[in-house]
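Along the sequence shown, the residues carry numbers beginning at 1. Just so you know, these numbers use all the heavy atoms, side chains as well, and skip hydrogens, waters and symmetry mates.
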Amino acid sequence: MMKVMMIKRLAALISCSLVTMAANSAVLPSVQTDSHWYKESAQRVSDKATLETKAKAKNVILFVGDGMGISTLTAARIYQGQQMAGNQGGEENFLSFEKFDHTALIKTYNTNQQTPDSAGTMTAIATGVKSKAGVISVSDQSLRGNCLSSKGNELVTLVDLANAKGLSTGVVSTARITHATPAATYANSPERDWESDANLPAEAVANECKDIAYQMVMRDKDNALTVALGGGRRAFIPNTVTDGENKKGQRKDGMDLTKAWVENFDNAAYVWNSEEFDAIDVATTDHLLGLFNSSHMEYEADRADDVGGEPSLTEMTEKSIEMLKKNDNGYLLIVESGRIDHGHHAGNAKRALADAVELSNAVKAAVENTNPDETLILVTADHSHVFTIAGYPKRGNPILGLVHGVDGTVSTALDGKPYTTLGYTNGPGAIVGNRDDLSSVDTQDKDFMQQSLIPMGSETHAGEDISLHATGPGSNLVQGVMEQNVIFHIINQAQALGGTKY
């Protein structure tokens, strides 16, 4: 007993001595201070301590990774890192925007749904007002799919405010340009699926609601987009017309909105493939419409196989900035990586992650092609997915591979079969009955579907917070946990668009 008491007293004296040493001399052991983890993190905090941020921005670029939740960011940074020379395992990598000066968490719920959809979430970002799932920049007083109920409930968007101030505006997406996320920036509709007039029900026609493609092209000249690039060609051309990739249009009204674009605006051009896109003379083009696929553009992993040829998200971002910066008043550019979401819905992590990495590339290009003193760049998502990273894989384990423990052996579940690091709570990868043995399966193939728990035809969104990353004038406003509609007000105040009332 006496021996135990003496050991405890000695331990207490040693502990007290160490605390006193640290307090008096602030000396840390070299094994601590020489660590690259210690040095790099100390430098990061030092840089933040001296950071100065201007309040007003001439230009704003908003990037939206559709479905790019926190787990997607983590997996994408590892995926990118494992393809780069010099990375220890991928985990230490950063996506380009993850080093931005300011970060916040964003709540994503719709006014009627705990787990949101893209229409309601982008409406919050584009208008400053949360609304229902399925509606495009109209208030939640509207009934989804009912034209009459939306009358008088239309909301003014960031694009409207920017145009009214004399700025140039652009919208870019790898999804259909009429899809929910890009549409919420320029259109008002009680139904996200009203992408062409062929989708309008009799009630909508009777009450004179216009389809989303029509609204994008037939805007007044002083409220027109300078740049619109994405997929969705079928909503713009008649159902009697076959496009350059042998796909038919959808429109019943006989209008060719691609021709209307060229006719409506001065020095306007329309392109449908990468060759025409590359040939555009920015100096002589003031309005550019590019529609590169009948439906969504290709996943980045498949882009090289497209029939007509498609520009990358990075290339579309660079061209848009070239077009928009001709305006001395400034610009607002909104860029969506739309197919991250679609990869997840398909239970296909590789395609989702490849598109997330391409978004990071596009953000990097935006940073390199803008003045940091006058351009606010924001990167966020509209919602997350039920996408998980689990199983105790060793450091550097291929992110798309089977789980290997720190001893290098393949980990197995209670059924004796191996499993992947990445998985989904629900989706098309679920097996009813016995789980497939993945021992001889190439889980890194781009067509591989990760296994999931609950069988569903399409994997679902998730309801947890997503992140917002910001750099440039006004970025200091990005901090804490915020409602999604606050993003509108950050942009609005940074560019002094005049849409904020207290």
> Sub-3.5 Å donor-acceptor pair from the side chain of Ser360 to the main-chain atoms of Ser96, do we have one?
Replying inline: yes
> Counting distance only, does the side-chain N/O of Thr285 pair as donor-acceptor with the main-chain N or O of Val282 below 3.5 Å?
Replying inline: no
> Taking Glu459 as the fixed residue, which of His385, Gln450, Met449 is the one that meets the side-chain contact (heavy atoms from CB on, under 4.5 Å) rule?
Replying inline: His385
>> Around atom NZ of Lys56, are there more than 12 heavy atoms from other residues, nucleotides or ligands closer than 6.0 Å?
In response: yes
> Are there more than 12 heavy atoms of other residues, nucleotides or ligands under 6.0 Å from atom NZ of Lys151?
Replying inline: yes
> Would His344 and His461 count as a close aromatic pair, with their ring centres under 6.0 Å?
Replying inline: no
>> Looking at every heavy atom in both Asp355 and Arg339, which two are closest together, and how far apart are they?
In response: OD2-CB, 3.4 Å
> In terms of side-chain geometry, is the basic nitrogen of Lys319 or Glu322 positioned less than 4.0 Å from the acidic oxygen of its partner?
Replying inline: no
> Would you call Phe63 and Thr317 a side-chain contact if the rule is heavy atoms closer than 4.5 Å?
Replying inline: yes
> Would one find more than 12 heavy atoms of other residues, nucleotides or ligands at under 6.0 Å from atom NZ of Lys326?
Replying inline: yes
> Do Tyr214 and Phe236 have ring centroids that are under 6.0 Å from one another?
Replying inline: no
> Only one of Ile321, Val172, Val335 clears side-chain contact (heavy atoms from CB on, under 4.5 Å) with Met316; which?
Replying inline: Val172
> Are Arg234 and Glu195 close enough for a salt bridge, meaning some N to O gap below 4.0 Å?
Replying inline: no
> Any side-chain donor-acceptor pair under 3.5 Å between Asn188 and Ser137?
Replying inline: no
> So which heavy atom on Asn327 is nearest to which on Leu167, and how close?
Replying inline: ND2-C, 3.5 Å
> Are the aromatic ring centres of His469 and His102 under 6.0 angstrom apart?
Replying inline: no
> Taking Tyr109 as the fixed residue, which of Glu483, Gln484, Gln114 is the one that meets the side-chain contact (heavy atoms from CB on, under 4.5 Å) rule?
Replying inline: Glu483
